[in-house]
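Here is the structure we will look at, set down as structure tokens.
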Amino acid sequence: MREFDEKSITQAVIERLAACQDPRFARVMTSLVTHLHDFVREVNLTESEWFTAIQFLTEVGQACTDKRQEFILLSDTLGVSVLVITLNHPAHSGSVESTVQGPFYWEGAPELPRGSNLAEGVKGEPAFYSGRVLSTDGRPLPNALLDIWSGDGEGNYDMQIPGETGMKARGRIRTDSEGCYWFRSIRPTFYPVPTDGPVGQMLRKMARHPYRPGHVHMIVSAPGHLSATTHLFVAGSQYLDSDAVFGMKESLVAEFKRHPPGPGPDGEPLDTPFYTVSYDFRLRPAGAAAPDKREQGAGS
Ligand SMILES: [Fe+2]
């Protein structure tokens, strides 16, 4: 057949994959074409809407720089990122739950001694973080690495602050021989995802707010274990119920205990109130088979 109507076009495109040598790629593309065509038929897409979509995706690409990833933001705000993460890191795996990496990760944060202040000169109320990194069987993991980053106490990441060129509120901390970690930073607050680009326009058109509840990001890794990209959410923070990127997980909500001015956990006197927070991260051994939700009959 050389000519196609609004139905036969779908099969025609799929058949052009016949010589594809990569079965997984062929499966993904077949499904993508099927759903994309179904979507176009379902909404009866107009030419101007199609062109608007092309223009939008073009602008999303043009908004990306080495410090800004508008495509990740698009994926995050449409719930695709957390859907992929949830499929690949089921909550019942025994590991700390994973959530979105977000657009503000900056590879290569300095490795600092335990107890360091990651937020020297950063706005915000001091917070002292501590806990352990454990294997799923409860064994402490020495030499585990926490790659930590957050916004400041006003919700701004270093790369968003005009004139700020260096890393702020970022660092990598290793656990000691008992699997313990501790460091100082600030208590993060809620903040809007960037709204000055095409994704912001999309959110406004959808009548959605752009806010994420207060959280600190971590990538936790240890030898012989699967790493986890996760957050600690500040208990009681605004927007825990309506995270703009759908990344909130109850198991990641941590209590930030408020203390009056006085000696901090490291003995150093503080002239402002401060917070302490404790959280243990569990990681799954790399060789362990992932528990299958369907086999356990836990529902879909
Ligand atoms: Fe964040």
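Start at 1 and go down the list; that is how both ligands and their atoms are numbered.
- A donor-acceptor pair under 3.5 Å is absent between the side-chain atoms of Ser31 and the main chain of Arg27, judged by distance alone.
- Cys180 and Arg132 get closest at one heavy-atom pair: SG-CG, 3.7 Å.
- For the Fe ion (ligand 1), the set of nearby N, O or S atoms under 2.8 Å includes one belonging to His215.
- When all heavy atoms of Pro210 and Thr195 are compared, the pair lying nearest together is CB-CG2, 3.5 Å.
- The angle Tyr157:OH - the Fe ion (ligand 1) - Tyr191:OH amounts to 100°, with values rounded to 10 degrees.
- None of the N, O or S atoms belonging to Ser150 lies under 2.8 Å away from the Fe ion (ligand 1).
- Note on ring orientation: taking the six-membered ring where Trp is involved, the planes of Phe104 and Tyr157 are parallel (angle under 30°, cut-offs 30° and 60°).
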